[in-house]
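This structure is in structure tokens; I'll ask about it shortly.
Quick note on labels: first sequence line is chain A, next is B, and so on, each numbered from 1.
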2 protein chains.
Amino acid sequence: MTRIRPTPGEWEILQALWKLGPATVRAVHEEIGAGHYNTTLKLMQILAEKGLVVRDEEARAHVYKAAVGREALQGDAVEDVLERVFGGSAAELMQRALERRKLKKRELEELRRMIDSFEGKKS
Amino acid sequence: MTRIRPTPGEWEILQALWKLGPATVRAVHEEIGAGHYNTTLKLMQILAEKGLVVRDEEARAHVYKAAVGREALQGDAVEDVLERVFGGSAAELMQRALERRKLKKRELEELRRMIDSFEGKKS
DNA sequence: TGTAAACTACGAAGAGTTTCGTTGACAGCT
DNA sequence: AGCTGTCAACGAAACTCTTCGTAGTTTACA
């Protein structure tokens, strides 16, 4: 099972596609709002080659859509950063995240619920 | 304030240096336990150029030590992954981390304490 | 003194990523 | 038909990262 590891440019495309749903290069490019149109096109073609997006070529303006789930790819990205940066310690990762980003009260409570449920499975 | 973004190879060196303290190329290379000696050397020279490590050239075998704090770099790495992968949502990042890695009971409790203290600062 | 081992230094090769110029096809309009 | 704008496709160029071959220096020691 090889881990999927999009490049930064590819992440930007994928985020746009997850947000927009199936979309043309033009639409994705405008959602991103920066860089050259051809760069967006090229990256989307590369993503199609890699199978991370699928392309409907019916219309002249091809319609792309993400072929991978957002959560799954995020999970892979977390694995990467855990291994490379945190030596596998998820607790340390979360500590840094808490230090850097203030979470909304609602988010903190939801997080606590998640921890509760995980702790329930252990003991 | 430019964010420090070591490459994967550089992270490996830095992790070894944080673990060993000031060390020679040889020591770091053996700690890593893989790859070509010259690759380790080259990466450490690059790190020195970038200022992420400092080099004591007194002895023939130069002694390198990390010039940046582990926690600070981890924080930068978290910022990166938050922006690129999670659209800034630390809650989502932590959710993925919890799904992927089982934390020890002690870690879960420590995490809960951290959440408590952060929540205390709000409302 | 001669030789082997350990070390730094240099640079080139190869892969991967991103950017963008150019080309050719197609569609709409006058 | 001719003009204009939009599109996909291709490939070159620049850049980064990693690997490793080669060279030259220093140290240890017989």
In whole angstrom, what separates Gln45(B)'s CD from dG11(C)'s C1'?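 The answer, rounded to whole Å, is 12 Å.
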Whether over 12 other heavy atoms sit under 6.0 Å from Glu57(A) CD: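 Correct, the count exceeds 12.
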Using atom CD of Glu12(A) as one end and atom P of dT17(C) as the other, report the distance to the nearest whole Å.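 The distance from CD of Glu12(A) to P of dT17(C) comes to 16 Å, rounded to the nearest Å.
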Taking the nucleotide of DNA chain C with the closest heavy atom to each, which residue, Pro6(A) or His36(A), is nearer the 5' end?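 Counting from the 5' end, the first nearest nucleotide belongs to Pro6(A).
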Nearest-nucleotide comparison on DNA chain C, the residue closer to the 5′ end among Leu43(A) and Glu57(B):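 Its nucleotide being nearer the 5' end, the pick is Glu57(B).
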Val85(B) reachable from Leu47(A) in the ILVMFWY side-chain graph, under 4.5 Å edges: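 Yes, same cluster.
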Measure from the side chain of Thr39(A), starting at C-beta and using heavy atoms only, and say which of dC20(C), dT8(C), dC7(D) lies closest.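 Per side-chain heavy atoms of Thr39(A), the pick is dC20(C).
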Would you mind reading off the distance between His29(B) atom NE2 and dA5(C) atom P, rounded to a whole angstrom?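 One finds 18 Å between P of dA5(C) and NE2 of His29(B), rounded.
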If you check the Asn38(B) side chain, which of dA8(D), dT22(D), dG5(D) turns out closest?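 Of the candidates, dT22(D) comes closest.
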What's the CD-C1' distance between Glu10(B) and dT16(D), to the nearest Å?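 About 10 Å, once rounded to whole Å.
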Write down the distance between CE (Met44(B)) and C1' (dA9(C)), rounded to a whole number of angstrom.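 After rounding, the gap between these two atoms is 15 Å.
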Of all the nucleotides listed (dA9(D), dA25(C), dT18(C)), which has the minimum atom distance to the side chain of Arg55(A)?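 Taking heavy atoms from C-beta onward, the closest nucleotide is dA9(D).
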Nearest-nucleotide 5' precedence on DNA chain D, Pro8(B) against Ala61(A):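 Its nucleotide being nearer the 5' end, the pick is Ala61(A).
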Tell me what Arg5(B) touches on the nucleic acid: a base, only sugar-phosphate, or nothing, going by heavy atoms under 4.0 Å.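 Contact class for Arg5(B): none.
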Taking N and O atoms by type only, does the side chain of Arg60(A) place a donor or acceptor under 3.5 Å from a partner on the base of dA8(D)?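 A donor-acceptor contact between them is absent.
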Between Val25(A) and Leu52(A), is there shared hydrophobic-cluster membership here, with clusters defined by ILVMFWY side-chain heavy atoms closer than 4.5 Å?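 Yes, Val25(A) and Leu52(A) fall within the same hydrophobic cluster.
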From the options dC7(C), dA8(D), dA9(C), select the nucleotide whose nearest atom is closest to the side chain of His62(A).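 Comparing dC7(C), dA8(D), dA9(C) against the side chain of His62(A), the answer is dA8(D).
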Nearest-neighbour nucleotide for the Ile46(B) side chain, dA9(C), dT19(C), dT18(D) considered: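 Side chain of Ile46(B) sits closest to dT18(D).
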Are Ile32(B) and Tyr64(B) linked, directly or through intermediate hydrophobic residues, by side-chain heavy-atom contacts shorter than 4.5 Å (ILVMFWY only)?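 Yes, Tyr64(B) and Ile32(B) fall within the same hydrophobic cluster.
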Any base atoms under 4.0 Å from Thr7(B), or only sugar-phosphate, or nothing? Heavy atoms, all strands.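 Touches sugar-phosphate only.
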Atom CD1 of Ile32(B) to atom P of dT18(D): distance rounded to whole Å?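 These atoms are roughly 11 Å apart.
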Among Arg5(A), Lys42(A), Lys50(A), which residue meets the salt bridge (Lys or Arg N to Asp or Glu O under 4.0 Å) test with Glu10(A)?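 It is Lys50(A), the one option of Arg5(A), Lys42(A), Lys50(A) that forms the salt bridge (Lys or Arg N to Asp or Glu O under 4.0 Å) with Glu10(A).
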Would you say dT6(D) has OP1 or OP2 under 4.0 Å from some side-chain N or O of Arg26(A)?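 So the side chain of Arg26(A) is outside the cut-off, no N or O lying under 4.0 Å from OP1 or OP2 of dT6(D).
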Could you work out which one of dC20(D), dT8(C), dT18(C) sits closest to the side chain of Lys42(B)?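 Nearest to the side chain of Lys42(B) among the choices is dC20(D).
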Please classify the nucleic acid contact of Tyr37(B) as base, sugar-phosphate, or nothing, using heavy-atom distances under 4.0 Å.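 Here Tyr37(B) touches the bases of the nucleic acid.
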